[in-house]
There are 2 protein chains.
Amino acid sequence: MDVAKLAGVSHQTVSRVLNDHPNVTEQTRLRVRAAIAELGYRPNRAARALATGKSQVIGVVAQNSTLYGPASTLAALAQAATGSGFTISVESVRTLERAPMHAAVSRHLDQRVAGLVVIAPVDSANEVLDQIPSDIPLVCIDGDPQRSTELVTVDQEAGGYAATRHLLDKGHKTVWHVSGPEDWFDSRGRVAGWKRALAEAGAEIPPVMAADWSAAAGYHAGQVIARMKEITAVFAANDHLALGALRAFHEHGRRVPEDISIVGFDDVPEAEFYIPPLTTVRPDFEAVAAATLELLHDQIVSGTTEGQRRVIAPTLITRQSVSAPRKRR
Amino acid sequence: MDVAKLAGVSHQTVSRVLNDHPNVTEQTRLRVRAAIAELGYRPNRAARALATGKSQVIGVVAQNSTLYGPASTLAALAQAATGSGFTISVESVRTLERAPMHAAVSRHLDQRVAGLVVIAPVDSANEVLDQIPSDIPLVCIDGDPQRSTELVTVDQEAGGYAATRHLLDKGHKTVWHVSGPEDWFDSRGRVAGWKRALAEAGAEIPPVMAADWSAAAGYHAGQVIARMKEITAVFAANDHLALGALRAFHEHGRRVPEDISIVGFDDVPEAEFYIPPLTTVRPDFEAVAAATLELLHDQIVSGTTEGQRRVIAPTLITRQSVSAPRKRR
DNA sequence: GGACGCAATGTGAACGCTAACACTATGGGC
DNA sequence: GCCCATAGTGTTAGCGTTCACATTGCGTCC
């Protein structure tokens, strides 16, 4: 109202200028802009949200974790949002079970968020997606590739394939795999890629060594592997598992890469400084975030769900933890 | 209105029930609760924010980074907020310079956040604090210890002291330090603690080896240190620096801890699986987050700034990267 | 027994914005 | 010269809450 008075127009005209409506003379537009600047006026988002029923906020549901993948995704999302005029509101859940996930989604809906991003890397988290009203723009990150929801994900399968293929190409007879938790889609995708590469090459498919994402699990798996002298190549489902394995190998006197080669996944910033520098697969989290926001934006603008999905290809980063196997005897 | 009609009361009474006002009969309270449940009514936060001028949202300004410290703080904050009925809204800045920080703060104020948390680990970020209107609850994390703002921080100085003292206690003549960036308060605090421990013990104070937080920088510093055979103990300003140094030592054939001892800072989850397992200082990010929210909550409730500060003591975690120095000759 | 205080509830307005419609010029077609 | 379409602007109402004040009913005190 103050701005309107100063500019000598009605409040509605001010609103039109604010929202870039077409039917405003350039002259009045400038007058209003000047008044806005003079008064240092800033629109009240809450009032706008009340009037329109939508805010400029994107709700994110993510697990509270310092796992590199999820944390990086979240950071990239926040950065991308800032650029696009949206604000990220995070509801953090302690576990990915249905109840807490559902509660987090509800809290977001109470805030009348413009859109929702759910990072749902496991089955239980994925199920809540069904319960979300379909009139709200929704994008799922790292969800079930089988689902029809709008989905953005790193191409885990391609990553697993590339890692395994790289080892096979170096001449290894087969490749063992230390996997992430079985209920993670990420794990399963990486396993699938690994299997495909082995099958394609006609290599023997060893049993999967199931672990979680921790260095401790990698260490334990590494101790087992170190004792099996016939193993010359390992694909670890992430860098921290690889780190743990690296230490186990070290303690057992198995040199990397001379005696055994290993490839990780994630390319954490310090992977280059493991002993030895780790060959790994680098997902592009910025691309994931950008694609997510783009899909969300399309839905917000068009108001429709298009069932689109984006799969972001990762890159193999070769360093010194891989070499050709030694000729035996 | 619907709830009020169903319960046979006025909308205002519904509001009172929602806000736990004292002057409502237990009987009406139950009736309203029942109506709420039956209709599946959920309050509209935007309307509430408009009416009260405050939302239940806490704005966080943080740098977009995957550095372990800031990322962990953010995660802990999100978790703590969820428990206390607040929502965390994150504005991510690419750099900690004044302009972007200021813009991020402004965006938060537009949203009428109930309180503001600024993670301001460097000078430039700290300066924007002065420009924030004093009527909004504000807590600064990792800010300038000299300032009077409400501040929560890890006791960097104590951590640096503990790390250094631990090495001296083992019998090392002195301790070298690979520090973080000079403009970070964290770095300066750790340096100060290191110096105090040395001074107290009457040990020689070597020049600070300035680096950033990266493993690469640690590696470079490590190469220099490895060549100086008289160095037997190093305190690295974080675990990733230590990791880089560890590799440099390895490449130069300097064994850890036999030839040289090293202590890190942060206790990243995988530090236990470095080669060798790293002795380090563990900050308590959950405690930081909890203290931050508590301070913020006090301000929101009381409406006053009390100039309080909380300094969270870190813990020394001893592992195998430290031992007594070898007797020379 | 009447005045008073307080607990419980209701009423109307306000928060700052946008949606929907109403109005006023202006210009073009016949 | 009249009508109509349209661009530009104004007016009114409503979004869902809370606030400030008004009202009612009941118990207490002298």
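Sequence lines set the chain letters: A, B, ... in the order given, protein chains first and strands last, and positions in each chain run from 1.
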task = Summarise how protein sits on nucleotides 13-18 of chain D as a single string, 5' to 3': B when a protein heavy atom is under 4.0 Å from the base, S for sugar-phosphate-only contact, - for no contact.
result = --BBBB

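Applying the ring pair (Phe, Tyr, Trp, His ring centres under 6.0 Å) test to every pair with at least one member in residues 111-133 of chain B, sequence neighbours left out, gives no pairs at all. Sorted pairs that involve residues 53-74 of chain A and meet salt bridge (charged side-chain N to carboxylate O under 4.0 Å, His left out), not counting sequence neighbours, are lacking altogether. Identified under the salt bridge (charged side-chain N to carboxylate O under 4.0 Å, His left out) test for residues 68-92 of chain B, with sequence neighbours left out: B/Glu91-B/Arg107.
A distance-only check finds no donor-acceptor pair linking the side chain of B/Thr13 to the backbone of B/Val9 [under 3.5 Å].
For the atom pair CD of A/Gln146 and CG of A/Leu151, the computed distance is 10.5 Å after rounding to the nearest 0.5 Å.
Listed by chain and residue number, nothing satisfies the side chain to side chain donor-acceptor pair (under 3.5 Å) test with B/Asp266 (two or more places apart in sequence, or in another chain). Annotation: side chain to side chain donor-acceptor pair (under 3.5 Å) contacts of B/Ser106 (sequence neighbours excluded): none. Remark: B/Asp2 pairs with no residue by the side chain to side chain donor-acceptor pair (under 3.5 Å) rule, at least two apart or across chains. The side chain to side chain donor-acceptor pair (under 3.5 Å) check on B/Gln111 picks up A/Thr87, with sequence neighbours excluded.
Applying a 4.0 Å cut-off to non-hydrogen atoms, the residues of residues 28-37 of chain B that approach DNA chain C are B/Thr28, listed by residue number.
A/Arg310 has no carboxylate O lying under 4.0 Å from a charged side-chain N of A/Asp142, or vice versa, which leaves the two without a salt bridge. B/Asp123 has a carboxylate O that lies under 4.0 Å from a charged side-chain N of B/Arg188, or vice versa, which qualifies the two as a salt bridge.
With a cutoff of under 4.0 Å to any heavy atom of chain B, the contacted region of DNA chain C is bounded 5' to 3' by C/dA8 to C/dG16.
Residue contacts shown for A/Thr13 are limited to sugar-phosphate atoms, with no base heavy atom under 4.0 Å away.
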Cut-off 3.5 Å, no hydrogens considered: what does the side-chain donor-acceptor table look like for residues 34-51 of chain A, sequence neighbours left out?
{"unit_1": "A/Arg42", "atom_1": "NH2", "unit_2": "B/Asp110", "atom_2": "OD2", "d": "3.4"}
{"unit_1": "A/Asn44", "atom_1": "OD1", "unit_2": "A/Ala46", "atom_2": "N", "d": "2.8"}
{"unit_1": "A/Asn44", "atom_1": "OD1", "unit_2": "A/Ala47", "atom_2": "N", "d": "3.0"}

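Taking five base pairs at each end of the helix from C/dG1-D/dC30 to C/dC30-D/dG1, the local helix axes there meet at an angle of 50°, rounded to 10°.
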